[in-house]
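So you know, we letter chains A, B, ... as the sequences are listed, proteins then strands, and number each from 1. Predicted model only: the values in this text are computed from it and were never measured.
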Number of protein chains: 2
Amino acid sequence: MGKATKRTVTIRDVAAAADVAVGTVSRVLNDHHSVTKPVRERVQKTILTLGYQRNAIAQSMRSSRTKMVACAIRDFDIPAFASYVKAAEATFRSAGYTFILASTANAKDVELSLLQTFTQRRVDGVMMTMSDETDPDLVYAITNAAMPVVLIDRELVQSVDSVSADHRSGARQATEYLLSLGHRRIALLVGDPKAYPSRSRIEGYTEAHRAFGIQVDPHLVRDRLLSNEATFRETAALLGRSERPTAIYAAGLDTLSGPLRAVRTAGLVVGKDISIVGGNDSDLAELNTPPITALRWDRSEMGRHAAEMLLDRIDQGSQSPPRRIRLPVSLVVRGSCRPI
Amino acid sequence: MGKATKRTVTIRDVAAAADVAVGTVSRVLNDHHSVTKPVRERVQKTILTLGYQRNAIAQSMRSSRTKMVACAIRDFDIPAFASYVKAAEATFRSAGYTFILASTANAKDVELSLLQTFTQRRVDGVMMTMSDETDPDLVYAITNAAMPVVLIDRELVQSVDSVSADHRSGARQATEYLLSLGHRRIALLVGDPKAYPSRSRIEGYTEAHRAFGIQVDPHLVRDRLLSNEATFRETAALLGRSERPTAIYAAGLDTLSGPLRAVRTAGLVVGKDISIVGGNDSDLAELNTPPITALRWDRSEMGRHAAEMLLDRIDQGSQSPPRRIRLPVSLVVRGSCRPI
DNA sequence: ATCTGTCAATGAACCGTTTCCAATCCGCGC
DNA sequence: GCGCGGATTGGAAACGGTTCATTGACAGAT
């Protein structure tokens, strides 16, 4: 055939070539039982010959299920998020779902606009964070979303599923460890308390102080630090104070390198002049000299749990009550803290 | 409103409520000029009242353009990839495209199956790597794909667009730097030479030796090392040899921590007993004690370039010849290498 | 007053599947 | 030989948009 076939081959072309009805081809494609063996084989051969590729768009159109899920997180170049997302993607893919990913930059308008995009694309489910758990627009958009939502490390919206880490317990462990070494001026560097992780870290930090009967110095609690530039600056400021902290708990997901740089810049030595606990274990923490004591939880498992939870919810609908998984956090003690 | 709205609202519902034809609603949605102002406003108000959300599936069905692009890379929890992917996603999103992401685990069958999935989903374009640039199945699948493809850090398939870093130049700089310090036994740790990065790093390494008139010891070139477990093992083995290397060039994207661990385990000190150059700059390299000399290129720019290239290709079709961008790589000298 | 041209708006066809109902075919028991 | 039931297959409707030919209305020209 000299004629160049521009048009992509459809189920109708297959039907014509195999001399059957379109319905029959569809049944072959979907492994429906009531197709006789010779017909099935003829159709399958034709599919291969013509190089037919099923059109998922048309399929979704008819079935009103897209087999797509979306994930919106703050920034996926944060290593801790990356391993989380990777595990989720793998779980979705092996369940036959395609995975859409977007960064929100922790901005409300981006979150809302992504949610709208996902709605228009008719994804079957969404995994996401929220910049502010108390924002009414965000809460409304999420609780009234057209598709199931699983929240990541957010707990305030009670009516949807969520997966989180037990940051409060982690923060308490870290702080009590430092207190038990005799530290009394422990700086806490966290992100935005409008979101669960930072809020609960502050709680854990405060609880630990209360348990030790020690007053928290509010000047030592520095929040809204979302980048290493911010933690660098803040650490430098803290180290410049007259009564500088003897320990720093850098509680964010990806905010250890800032303090390390600041300490180095100030000409101090970690584990000698100042103690540090990292909020999130990493190669950087483990391989630093000295290795940094840090909190740890299983990020892959978190991603897997979230994905499975969403898949469950997609299958079973909204009848069952919202589920909540909270993963344990543990302290890995290394050499970055010295007793006072 | 007590009535539970089961069915999602369609363009037809809007048309009925606003008392116009469906075509008119469509033209309002698409900002077509020939809609009179009062009608336009009436329709827009109705859209808001009913909470109508355009169905992207139906839209794609009719227009046969999905406004979706897909990206398949080895493993997106490798930080270097993550920043690359993040920049690409941002570029696509601001162009109105939705971003599908998947890990290939560097496995041929996964790559092929993802390519098929993307075809069936009728994505408008694909950004990807290949585990083996010489594999005929992969080459065939990519060159005959139904949609434009931009290759990432792959150069053998000439007929498609690609964006890569100049790893050969990088490797040559790293190796010449070590040679100029007097090192003569330089171990090279790379990934799989079936892909461009490792292949060209071996070339650069070899070229540098030739330029210095020095014979390459094939025992010192260790390839197919794709993880830090592998580079740890290999480094440990090299350090255990009678004539151990005086320098290690850990050329992979995410293979610095393995050698660092191995050196530490062997009781040696980086920058004193052994010199190390990292193939890819990172926090780990910068904050190590001593800081590690490493290669660097702009990963965000790489992602942006790749995305823009793909968008161009989607717009203009395949008439223009394949483009090729190769980003410069530079050596950041720090304190991990000592002269012999 | 009639004709022409322009501009808005209508309504139906179409995109490629799935699914349901109807039609056909087959073998089997009477 | 005939009726019947079950298994296959055919054919059409439906999903929710976009687009195009068509209609209707109205202003301006003759």
side-chain hydrogen bond (donor to acceptor under 3.5 Å, both in side chains), paired with E301(B), selected from R304(B), R299(B), H305(B): H305(B)

Check R121(A) against A56(B) and note the closest heavy-atom contact, atom names and distance. CA-CB, 3.9 Å

Send over the distance from [X] [atom1] to [N] [atom2], rounded to a whole Å.
| X | N | atom1 | atom2 | answer |
| --- | --- | --- | --- | --- |
| H33(A) | dT9(D) | NE2 | C1' | 13 Å |
| K37(B) | dA8(C) | NZ | P | 14 Å |
| H32(B) | dA8(C) | NE2 | P | 10 Å |
| R121(B) | dT17(C) | CZ | P | 14 Å |

Taking the side chain as every heavy atom from C-beta outward, state whether Y84(B) and E89(B) have any atom pair closer than 4.5 Å. no

Is R313(A) paired with D161(A) through a side-chain N to carboxylate O contact shorter than 4.0 Å? yes

CG/D137(A): more than 12 non-hydrogen atoms of other groups inside 6.0 Å: yes

Readout for nucleotides 14-23 of chain D: B = base within 4.0 Å of protein heavy atom, S = sugar-phosphate only, - = neither; 5' to 3' it is BBBBBB----

Sequence neighbours excluded, which residues qualify as side chain to side chain contact (heavy atoms under 4.5 Å, CB included) partners of V157(A)? M130(A), V139(A), T143(A), L151(A), S159(A), V160(A)

To the nearest 0.5 Å, what is the distance between CZ (F99(B)) and CE (M68(B))? 12.5 Å

Test salt bridge (Lys or Arg N to Asp or Glu O under 4.0 Å) applied to K67(A) and D124(A), step by step: CA-CA 6 Å; K67(A) 285 274 191 174; D124(A) 293 338; over 6 Å; no

Take the C1' atoms of the five end pairs on each side of the helix from dA1(C)-dT30(D) to dC30(C)-dG1(D), derive the two axes, and give their angle rounded to 10 degrees. 70°

